[in-house]
Structure formats: C-alpha cells, structure tokens
Amino acid sequence: MERAPTRLDSMLRKLRELGFRITPQRLAVLKVLAESKGHPGAEEIYTVVRKSFPTTTIATVYKTLAVLKSIGEVLELEFSGDYNRYDGKKPYSHPHLICIKCKRIVDPELASLADMTEKLARESGYKLLTHRLDFYGICPRCQKKDNAD
Ligand code: ZN
Ligand code: MN
C-alpha cells in the first residue's frame, strides 16, 4: 500500500503544478513549515534554513511564504504589534492557544471546537469561508516558572 502523502508532498505537488522552481533553499523552507509543530515566524524559519544553506536570504523565506499563502498551502497568523506566524501543517482556519508570556502557539485538540464551525454555519445560515479563533493565556510551562519565582 502506498503511504499517505505528507504535508511536504502536497506542498511540492502544488508548487510543481504551478511551475514553481524548487531550489534546495526553498525546499528547506517548505520542510521547516511542513514539520514544525510550533508556529514559526519568518525569522525562525530563516535561522533554521541558514544552518544548512548559509547563503539563503530572508527574502527567499518571505517569497516562499507569499507563494504558499497565495495557493492556500500555509496559514498565516497576523498579529498587530507582533510578527506573523505560520502553520504549514494545517493550512486552513483552526483555533489557536497563545501564551502571552513566551509567545508559544499551539493547536488545541478539542473536538467540540471543530464541531462549532459546522453548527454555527447551520444555525446562522452563513456560508462560512474562514475564521479566526485565538485563546490567550499563560501556558503550563510559564505558570510553573511563575510559581518557582
Ligand atoms: Zn508560555
Ligand atoms: Mn495551528
């Protein structure tokens, strides 16, 4: 049996279909996005990619992100007063838990949150396209640190 395509496979297939040239640097950016459990910003992606490809520029990272965003292969989370963060694992609207202290962003695993969208569409009559649902707080790790102080 063939293995299910990974996120990286899907990104590559779509980019190739559109005639986008995959340089080793761009591939490295895609890998970080496809494999990162957190929600890295452009600078973080740049730092990781530069370890293997020191000649990579931040412009390459931004350009790759822009292309992925335009074809719906990455979710961009914008914040006023803070840099954008990216989710390449789930390139569609979904809720996020955001720590105001360490800025960690995670995807809550709560089925009732996922069901909410469907219910909301049904009850409101809206054809829902996207949504933004952020929960702000202090993560367990930072709470422990606070108690230790
Ligand atoms: Zn935290
Ligand atoms: Mn996410």
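This chain uses plain numbering: 1 for the first residue, then up along the sequence. Since the structure is predicted, the reported quantities are computational estimates derived from the model, not experimental observations. When a ligand or atom number is given, it counts from 1 through the structure's own listing order.
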Exercise. Heavy-atom count around Tyr136 OH within 6.0 Å, excluding the residue itself: above 12?
Worked result: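 It does: Tyr136 OH has more than 12 such atoms within range.
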
Problem set entry | Metal site angle (apex the Mn ion (ligand 2)), NE2 from His94 and NE2 from His39, 10 degrees |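 With the Mn ion (ligand 2) as the vertex, NE2 (His94) and NE2 (His39) sit 170° apart.
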
For this session: Just to the nearest 10 degrees, tell me the angle at the Mn ion (ligand 2) spanned by Asp107 OD1 and His96 NE2.
Result: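 With the Mn ion (ligand 2) as the vertex, the angle is close to 90°.
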
Exercise. Hey, is Asp82 close enough to Lys103 for a salt bridge, meaning N to O under 4.0 Å?
Worked result: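 Lys103 and Asp82: salt-bridged.
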
Exercise. Thinking salt bridges, do Asp134 and Arg132 make one under a 4.0 Å N-O criterion?
Worked result: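 Arg132 and Asp134: salt-bridged.
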
For this session: Write the atom name of the N, O or S atom in Asp87 that is nearest the Mn ion (ligand 2).
Result: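 The closest N, O or S atom of Asp87 to the Mn ion (ligand 2) is OD2.
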
Exercise. Does some side-chain heavy atom of Leu75 sit less than 4.5 Å from a side-chain heavy atom of His94?
Worked result: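 His94 reaches Leu75 side chain to side chain.
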
Exercise. In degrees, rounded to 10 degrees, what angle do Cys142 atom SG and Cys139 atom SG make at the Zn ion (ligand 1)?
Worked result: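 That angle is 100°.
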
